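Presented below is the structure to which this report refers.
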Amino acid sequence: MGKESVGISVSKKEDFSEWYTQVVLKAKLADYAPVKGLIVLRPDGYSIWESLKSTFDKKFSQNGIRNGFLPVLIPESLLGKEQKHFAGFNPEVFWVTHSGENEVGDRLALRPTSETLAYTLYSKWIKSWRDLPLKINFWNTALRAEIKATKPFLRTSEFLWQEGHTVHTTEEEAKEEVLKILEIYKNTVEEELAIPVITGKKSEKEKFVGAVYTTTMESIMPDGKALQMGTSHFLGQNFSKPFEVKFADKDNIEHFAWQTSWGVSWRLIGAMIMVHGDDQGLVLPPKVAPTQIVIVPIYNNDEDKKRILDKAGEIKQDLESKQIRIHIDDRKEMSPGFKFNDWEMKGVPLRIEIGPKDMDKQKILIAKRYNKEKTNLGFDEISKIEEILEEIQSKMLEKAREQARLNTVDITDYKEFKEKISIGGFFNAPWCGNQECEEKIKEETGADIRVIPFDKEDNTKNCIYCNEKSISIPIFARGY
RNA sequence: GGGAUCGUCGUCUAGCUUGGUAUGAUACUAGUCUGGGGGACUAGUGGUCGCAGGUUCAAAUCCUGCCGGUCCCA
């Protein structure tokens with residue numbers, strides 16, 4: 001036994017979990033850290049994160065949100081200020097109990113999230129309606145000790161994310177902000193990562209601890225499980241009261257402010273791997289691919305080598321001038337076949353091959369990663385490549401949409417629901433709004449309410465569990 | 001919380017029953033040939049055998065404790 005295979009050794013279909021881990025490691029996105037539950041990002045993985053970060057930053061900025069920085073340690077006394085919030089996070093908090101040899105008096109939490117810390121500061125900064133709205137985003141990491149099995153990007157004890165915290169004078173304005181952010185999340189994930197999402201509200205049971213309500217975007221993964229891709233919370237005055245985030249309004253009366261918080265994490269990268277990857281490895285959407293095009297030159301004598309590398313260099317320069325990220329793989333020690341497989345495993349969206357035969361015909365061969373299609377392109381048609389990348393991006397989203405559609409079913413019969421749930425998928429099932437039904441369904445099927453889509457308020461149906469009148473048609477699924 | 005099982009070059013592993021200089025593959029380095037889908041040959045580098053004790057002339061191997069991983073059950 002024990003021959004280490006170079007490529008992915010299991011199929012996505014047969015052993016999804018093992019497949020996923022192999023792709024992450026072999027595409028060199030991340031590696032395991034020496035501490036259980038923690039991972040290390042390698043340059044290709046971090047580059048994808050940076051790309052998402054820059055897109056979000058642009059959109060946040062257009063929405064009047066600026067970036068700040070918060071420290072990682074939060075005193076227990078602060079974290080415990082909002083009771084429900086604390087109770088929700090407490091089981092998975094890492095605590096710092098010593099500084100050097102000395103025990104610290106008030107234990108320090110490694111932030112599981114920063115609401116309590118941010119709002120302590122906000123209460124100092126906000127005095128008047130003129131100070132509002134206050135909109136700050138923080139790029140950092142959060143730490144939550146994971147007891148269950150961990151998985152790179154999907155469930156780790158420390159994760160990269162952004163957390164935004166805004167403060168408003170009115171309830172309406174805060175609620176609007178919640179939706180604006182959710183829309184930014186949705187269009188970024190769909191346009192950049194080519195993953196379709198469904199937006200809506202979380203049920204009371206599943207909402208963020210401390211929020212009035214939570215809006216969410218959910219996606220369906222190829223194994224039929226749901227993945228929460230990002231959340232945007234309306235906090236109401238639940239935090240502004242204990243933390244005294246108050247302002248004097250135009251009426252000269254002090255009011256508690258209205259707040260929101262929202263975040264997405266590197267889970268998005270995990271989703272991208274799962275949705276687009278195949279048995280050869282990673283498949284990257286062009287927009288976030290660290291390398292969008294790789295040129296593999298093919299030659300067997302010095303004369304060919306020179307003219308081919310010259311041509312490759314020329315193409316590279318041409319495309320680089322259009323901001324395309326392109327790499328020439330001139331490694332001598334590897335055969336072309338090895339390189340093809342290598343770059344496919346790493347998910348590079350487009351490969352260009354140039355060999356002696358192509359030189360003679362004044363053509364190059366291009367191979368698309370996402371559908372393995374190979375075509376020829378004349379030397380005079382290089383400028384088309386820009387469009388080809390755009391086309392790949394939109395086709396990948398289309399393909400993912402189709403996949404999601406196939407995995408979504410309307411269902412009204414509980415018996416049928418129970419049978420089908422093990423196959424996985426999104427189930428549109430009417431619900432009476434009663435938490436007991438929700439809990440029973442979770443208990444009996446393992447599925448919970450992932451999201452109540454915004455357009456699925458519906459009182460014409462009957463609850464799939466208790467048969468009482470429905471209030472909505474949520475999406476039920478088993479989740480990550 | 002209960003149970004099972006495993007820790008040996010970067011990685012995967014043989015050796016353990018019956019104690020005696022740690023095996024092979026892969027990866028890595030160098031060279032030659034090769035080159036349109038995971039190439040071939042030759043040579044070389046690399047391991048305090050998870051940690052700490054104990055038994056013994058001698059421990060990867062036997063014993064004890066600890067640490068860590070994985071899986072199953074609650």
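Note that the coordinates shown come from a computational prediction; the quantities given were computed from them, not determined experimentally. Numbers restart at 1 for each chain; the letters A, B, ... are given by sequence-line order, proteins then strands.
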Does A/W139 have any ring pair (Phe, Tyr, Trp, His ring centres under 6.0 Å) partners at least two apart in sequence or in another chain, and if so, which?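 Checked A/W139 against ring pair (Phe, Tyr, Trp, His ring centres under 6.0 Å); matches are A/W49.
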Give me the distance, rounded to whole Å, that separates [N] from [M] when you measure between the [atom1] atoms they each carry.
N      : M      : atom1 : value
B/rA25 : B/rC62 : P     : 27 Å
B/rA4  : B/rA74 : C1'   : 15 Å
B/rG3  : B/rG46 : P     : 45 Å
B/rU8  : B/rA22 : C1'   : 8 Å
B/rC49 : B/rG38 : P     : 41 Å
B/rU34 : B/rU70 : C1'   : 43 Å
B/rU42 : B/rA27 : P     : 15 Å
B/rA60 : B/rC67 : P     : 23 Å

Nearest-Å distance, [atom1] ([X]) to [atom2] ([N])?
X      : N      : atom1 : atom2 : answer
A/F338 : B/rA27 : CZ    : P     : 8 Å
A/R351 : B/rG38 : CZ    : P     : 12 Å
A/K339 : B/rG39 : NZ    : P     : 12 Å
A/K332 : B/rG31 : NZ    : P     : 10 Å
A/E344 : B/rG36 : CD    : C1'   : 14 Å
A/N301 : B/rG36 : CG    : C1'   : 14 Å
A/D31  : B/rG10 : CG    : C1'   : 11 Å
A/M334 : B/rC28 : CE    : C1'   : 11 Å

Does any pair with a residue in residues 78-99 of chain A pass side chain to side chain donor-acceptor pair (under 3.5 Å), and if so which ones, sequence neighbours excluded?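 Applying side chain to side chain donor-acceptor pair (under 3.5 Å) to every pair that reaches into residues 78-99 of chain A, excluding sequence neighbours, yields nothing.
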Listed by chain and number, what are the side-chain hydrogen bond (donor to acceptor under 3.5 Å, both in side chains) partners of A/K306, not counting sequence neighbours?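 Residues passing side-chain hydrogen bond (donor to acceptor under 3.5 Å, both in side chains) with A/K306: A/D310.
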Partner residues of A/L38 under the side-chain contact (heavy atoms from CB on, under 4.5 Å) criterion, sequence neighbours left out: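 side-chain contact (heavy atoms from CB on, under 4.5 Å) check on A/L38 returns A/A33, A/V35, A/S157, A/E158.
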Base partner of [N], which must satisfy Watson-Crick or wobble distances under 3.5 Å:
N      : value
B/rA30 : B/rU42
B/rU48 : none
B/rU70 : B/rA4
B/rU23 : none
B/rU61 : none
B/rG37 : none
B/rC16 : none

Would a distance-only check, ignoring hydrogens and angles, find a side-chain to backbone donor-acceptor pair under 3.5 Å from A/E163 to A/G263?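 No; judged by distance alone, with no hydrogens or angles, the pair does not exist.
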Strictly by salt bridge (charged side-chain N to carboxylate O under 4.0 Å, His left out), give each pair with a member in residues 270-295 of chain A just once, sequence neighbours left out.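 Those involving residues 270-295 of chain A are A/D278-A/R369, A/D278-A/K372.
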What donor-acceptor contacts under 3.5 angstrom involve side-chain atoms of residues 196-204 of chain A, with partners at least two apart or in another chain?
from, atom 1, to, atom 2, distance (Å)
A/K202, NZ, A/E218, OE2, 2.8
A/K202, NZ, A/Q228, OE1, 3.3
A/K202, NZ, A/R450, O, 2.9
A/S203, OG, A/E206, N, 3.4
A/S203, OG, A/E438, OE2, 2.5
A/E204, OE1, A/K207, NZ, 3.1

Check salt bridge (Lys or Arg N to Asp or Glu O under 4.0 Å) between A/E18 and all other residues, then give those that pass, not counting sequence neighbours.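 In terms of salt bridge (Lys or Arg N to Asp or Glu O under 4.0 Å), with neighbours along the sequence ignored, A/E18 is linked to no residue.
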Report the residues that fulfil salt bridge (Lys or Arg N to Asp or Glu O under 4.0 Å) with A/D304, sequence neighbours left out, ordered by chain and then residue number.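 Salt bridge (Lys or Arg N to Asp or Glu O under 4.0 Å) list for A/D304, sorted by chain: A/R307.
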Are [X] and [Y] within salt-bridge range, i.e. N to O under 4.0 Å?
X      : Y      : value
A/K339 : A/E353 : no
A/K395 : A/E373 : no
A/K461 : A/D410 : no

Is the base of B/rG37 touched by the side chain of A/K374 through a donor-acceptor pair closer than 3.5 angstrom?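 Per atom types, the contact qualifies.
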Would you mind building the protein contact string for nucleotides 68-74 of chain B? One character per nucleotide, 5' to 3', B for base within reach (heavy atoms under 4.0 Å), S for sugar-phosphate only, - for untouched. -SS----
Tell me which pairs pass ring-ring contact (aromatic ring centres under 6.0 Å, His included) where either residue lies in residues 7-29 of chain A, with sequence neighbours left out.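 Listed by first then second residue: A/F16-A/W19.
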Looking at RNA chain B, which of residues 357-364 of chain A put a heavy atom within less than 4.0 Å of it?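 By residue number: A/K357, A/D358.
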Give me the residues of residues 303-319 of chain A where at least one heavy atom lies under 4.0 Å from an atom of RNA chain B, by number, or none.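 RNA chain B contact set from residues 303-319 of chain A: none.
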Would one find a side-chain N or O of A/S335 under 4.0 angstrom from OP1 or OP2 of B/rG39?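 Yes, A/S335 has a side-chain N/O under 4.0 Å of OP1/OP2 on B/rG39.
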Quick one: sort the A/W343 and A/H327 rings into parallel, tilted or perpendicular, breaks at 30° and 60°.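 The rings of A/W343 and A/H327 sit tilted, inter-plane angle from 30° to 60°.
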